[in-house]
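Each ligand, and each atom within it, is numbered from 1 in the order the structure gives. Side-chain atoms are counted along with the backbone in the values below, which use heavy atoms only and exclude waters and symmetry mates.
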Amino acid sequence: MSKRGKRTSKKSDKTAEKENNVNLCNAISNYENPTTDEYKMLFAEHRLKSFTKDWPFDADSTCNPQSLADAGFYHIPSNEAPDACRCFCCFKELDGWEPEDIPMKEHKKHSSSCAFLSLTKPVSKLTVQEYLKLEAERQKNKLSKYYHMAMQEMQNHSALIETEMMKLLK
Ligand SMILES: [Zn+2]
């Protein structure tokens, strides 16, 4: 387990949250175009390509690009979290990785209900029916994440408006 804590627990920071929202909104709008990277992330070889040579640990580490890609993750680096990764299926984002982390184990620990984790074969080997089931789950997760982010954004705006109104009443 990471000493720095995974992305889930450190997302209270407002700047990071905002950046995260932008990332997801971009991901959602990009998804509409099937030629973009977001759509390709269903396949491990494309997830692997998302890891730049700047990934902090080498192949000797259990936490290397290949094992991250095999565990469903692709790289979404930012200034605040250069090692941030997102699962293509449940959209769980984790950062604060350490060389001895085992990506699949971390995935199960932080998002045990992810449909990708219950697959018994690679996405490229799924039948059409299995693929559609996975894709439905993925879309549901994406909408759910987007909904929660939109709600958070609305609450932030409400709090801001309330503060401004209180100032006017003084
Ligand atoms: Zn997942």
Handout entry: Number of protein N, O or S atoms [distance to the Zn ion (ligand 1) under 2.8 Å]
Key = 4

Exercise for the section: In plain terms, say whether E135 and R138 are close enough for a salt bridge, that is, a side-chain N and a carboxylate O under 4.0 Å apart. Expected result: yes

Problem - Short side-chain to backbone donor-acceptor contact, S111 and H107, under 3.5 Å - result: no

Practice task
Step by step, work out the side-chain contact (heavy atoms from CB on, under 4.5 Å) result for C114 and K92.
Solution key: CA-CA 9 Å; C114 176; K92 187 74 179 173; over 6 Å; no

Handout entry: Distance-only polar pair, side chains of S158 and Q155, donor-acceptor under 3.5 Å
Key = no

Exercise for the section: Mind running ring-ring contact (aromatic ring centres under 6.0 Å, His included) on F88 and Y74 for me, showing each step along the way? Expected result: CA-CA 7 Å; F88 79 94; Y74 59 97; 8.0 Å; no

Handout entry: C85 side, atom SG; F51 side, atom CZ - distance, nearest 0.5 Å
Key = 4.0 Å

